[in-house]
**Student:** 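Pasting a structure below so you can have a look.
Counting starts at 1 for both ligands and their atoms, in listed order. Remember, it's a predicted structure, so these values are computed and weren't measured experimentally.
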Amino acid sequence: MMSRREEVSTPRRTKELIQRHGFSFKKSLGQNFLIDQNILSKIIEAASLDKTKGALEIGPGIGALTEKLAQQAGKVTAVEIDQRLLPILEEVLEPYPHVSVVHGDVLKLDLRELFERQFTDVTGVSVVANLPYYVTTPILMKLLEEGLPLEHIVVMIQKEVAERMAAAPGGKEYGSLSIAVQYYSEPELVCVVPHTVFIPQPNVESAVIRLSVRKEPPVSVEDEAFFFDVVHASFAQRRKTIANNLKSRFFPKEGRERLQQLLTEAGIEPSRRAETLSLQEYAVLSNVLLHAGLK
Ligand code: SAM
C-alpha cells in the first residue's frame, strides 16, 4: 500500500491510482493530469487563498489540484463531468470534509445557484483550475459574463489562448477575445508551462493565467450586447479597415459617408484596423453608433 500522505500529484501516486481504479484517459474530455509540485504551487500562490476563502475547481480529474486547494481554502467545490473519476475523488478527498464534488458539465450548470448553495460561509470565491482545453473559452466566458461574485480566476490553459486574452492593442494576438476578457477582468500571465508536467502530455503549449475580476467595467458602455456586436463586426476580416468591416455589417448597401462621419465623431480614423483600437475606443464607438440608431 502507498503511504496515505503521498501527494496525489506525484507521478508514482497518480499512476498507482489510475491503475488500481482501471481508469483510461479520454482525449475528448481534455484529460491531461498535472504531476508537478512546482506548477501546482504556482497556481495555488496566484489564487491568494486562505481559510476564509472559497475555491471552485472545474475538472478535478483525480484531485491533484483539489488536494492543494483543500489545504489552503475554507471551502472547495469541484465540478467533474466524468463519472468514472468520482470513486477516485472520493478516496483521495476523504480527509477533507470541506470539499464537495459535483458531478456535471460546468457549461450546463446553474452556477449562481451552485454559488448560493456552496459558498455561504466564505468572504470571497476564486475559480482555480487546469481547464479542459477543448472548452476553455466557453467556460471562461460563462464565468465572466454571468457576473458571478468572483475574486480571481486562475487557470491553466493553452498558451496561445492565454496570450490572446492578455494581449494589448496593436499586435496580431489582440482581438475580440482580448477585449471581452479585459472588459470583465485584468489578465496577467503567471507562467508558461512545459508539456512534461502532465500525463498524458498535450500537443499544445500551456500557460497559467490569472484574471482579476473587475467589480465594474473599466469603460462606460451604454449597451453591452451592442458593444460586443460592434467589436465582432470590426474584427470580421482582420486585413480590412475598420470602416470596411463596419460598412459590411451596418451599411451593406450605401452610407459610406455617414459611417465615415460617425467614425470621425468617435475620434477614430476610418483607415485604421480593428486591432489598433483600445477598449476605450470601442466603448466610445459603440455608444456613437448606438445613438445613431444602428442597433
Ligand atoms: N485538475 C486535474 C489536474 O490538474 O490534474 C485534471 C485537469 S484535466 C486538464 C481537465 C478535467 O476536466 C478532466 O478531469 C475532465 O474530465 C474535466 N472536464 C472536461 N470537460 C468538462 C466539463 N464540461 N465540465 C466539467 N468537467 C469537465
**Student:** Would Glu160 and Arg164 pass as an ion pair if we require N to O under 4.0 Å?
**Tutor:**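 Arg164 and Glu160: salt-bridged.
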
**Student:** Pair up each side-chain donor or acceptor in residues 184-197 with any protein partner under 3.5 Å, not counting sequence neighbours, and list the distances.
**Tutor:**
from: Ser185; atom 1: OG; to: Val181; atom 2: O; distance (Å): 2.9
from: Glu188; atom 1: OE1; to: Arg210; atom 2: NH2; distance (Å): 3.4
from: His195; atom 1: ND1; to: Pro202; atom 2: O; distance (Å): 3.0

**Student:** Assess the pair Phe25 and Phe23: is the distance between their ring centroids shorter than 6.0 Å?
**Tutor:**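 Yes, the ring of Phe25 comes within the 6.0 Å limit of the ring of Phe23, centre to centre.
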
**Student:** State whether Glu163 and Lys159 are salt-bridged, where the test is any N-O pair (Lys NZ or Arg NE/NH1/NH2 against Asp/Glu carboxylate O) under 4.0 Å.
**Tutor:**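 Salt bridge: yes.
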
**Student:** Have Lys68 and Gln37 got a donor and an acceptor in their side chains that come within less than 3.5 Å?
**Tutor:**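 A donor-acceptor contact under 3.5 Å links the two side chains.
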
**Student:** Pairs of nitrogen or oxygen atoms, one from ligand 1 and one from the protein, closer than 3.5 Å: please tabulate them with distances.
**Tutor:**
from: ligand 1; atom 1: 1 (N); to: Glu57; atom 2: OE2; distance (Å): 3.2
from: ligand 1; atom 1: 1 (N); to: Gly59; atom 2: O; distance (Å): 2.8
from: ligand 1; atom 1: 1 (N); to: Pro60; atom 2: O; distance (Å): 3.4
from: ligand 1; atom 1: 4 (O); to: Asn130; atom 2: ND2; distance (Å): 2.9
from: ligand 1; atom 1: 5 (O); to: Leu34; atom 2: N; distance (Å): 2.8
from: ligand 1; atom 1: 14 (O); to: Gly61; atom 2: N; distance (Å): 3.3
from: ligand 1; atom 1: 14 (O); to: Glu80; atom 2: OE1; distance (Å): 2.7
from: ligand 1; atom 1: 16 (O); to: Gln31; atom 2: NE2; distance (Å): 2.9
from: ligand 1; atom 1: 16 (O); to: Glu80; atom 2: OE2; distance (Å): 2.6
from: ligand 1; atom 1: 20 (N); to: Tyr134; atom 2: OH; distance (Å): 2.9
from: ligand 1; atom 1: 23 (N); to: Asp105; atom 2: OD1; distance (Å): 2.9
from: ligand 1; atom 1: 24 (N); to: Val106; atom 2: N; distance (Å): 3.1
from: ligand 1; atom 1: 26 (N); to: Ile81; atom 2: N; distance (Å): 3.4

**Student:** What I want to find out is whether Arg249 reaches Asp229 closely enough, with some N-O distance under 4.0 Å, to be called a salt bridge.
**Tutor:**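 Salt bridge present between Arg249 and Asp229.
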
